[in-house]
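Keep in mind that the numbers below use all heavy atoms, side chains included, and drop hydrogens, waters and symmetry copies.
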Amino acid sequence: ATGKKVWEYKMPNIMAMFEGSVQRLPNGNTLICMVAEDIGGRTVEVTRSKKLVWQFVLKDKSKDKLPVGFYRVKRFAPALAIKMVKSFRK
């Protein structure tokens, strides 16, 4: 099957080192997560018109020079997130 690119977002001045994750949200925004060369991880939410809603950057501050970061994020509905947190506290 051949796919057709329908949308694309390029983060300025960022080169991803390897895999990340993308999630289209119910409101039409997109949640993007990646490991970048100079940081441990970056997550952004952008609108369909490519406007930045928010971002989180995890700086690689490992004292023993081991890589620190994340490569996947997922947005959960608030009720499900609360239920998950409660289950971890049992």
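- When all heavy atoms are compared, the tightest approach of R72 to S21 is CA-OG, 3.4 Å.
- The distance from the CG atom of N29 to the OG atom of S49 is 8.5 Å, given to the nearest 0.5 Å.
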query: So K50 and E8, salt bridge (Lys or Arg N to Asp or Glu O under 4.0 Å) or not? Walk me through it.
result: CA-CA 9 Å; K50 303 177 182 177; E8 161 178 75; 5.7 Å; no

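- The closest side-chain donor-acceptor pair between R42 and Q55 falls under 3.5 angstrom.
- Transitive grouping of hydrophobic side chains (ILVMFWY, heavy atoms separated by less than 4.5 Å) brings L25 and W54 into a common cluster.
- Listed here is the closest heavy atom pair of I32 and V46: CD1-CG2, 4.1 Å.
- Using a distance-only test at 3.5 Å, with no hydrogens or angles considered, a donor-acceptor pair links the side chain of Q23 to the main chain of R75.
- In this structure, Y9 OH and T30 OG1 are separated by 10.0 Å, a value rounded to the nearest 0.5 Å.
- A chain of hydrophobic side-chain contacts below 4.5 Å, direct or via other Ile, Leu, Val, Met, Phe, Trp or Tyr residues, connects W7 to L52.
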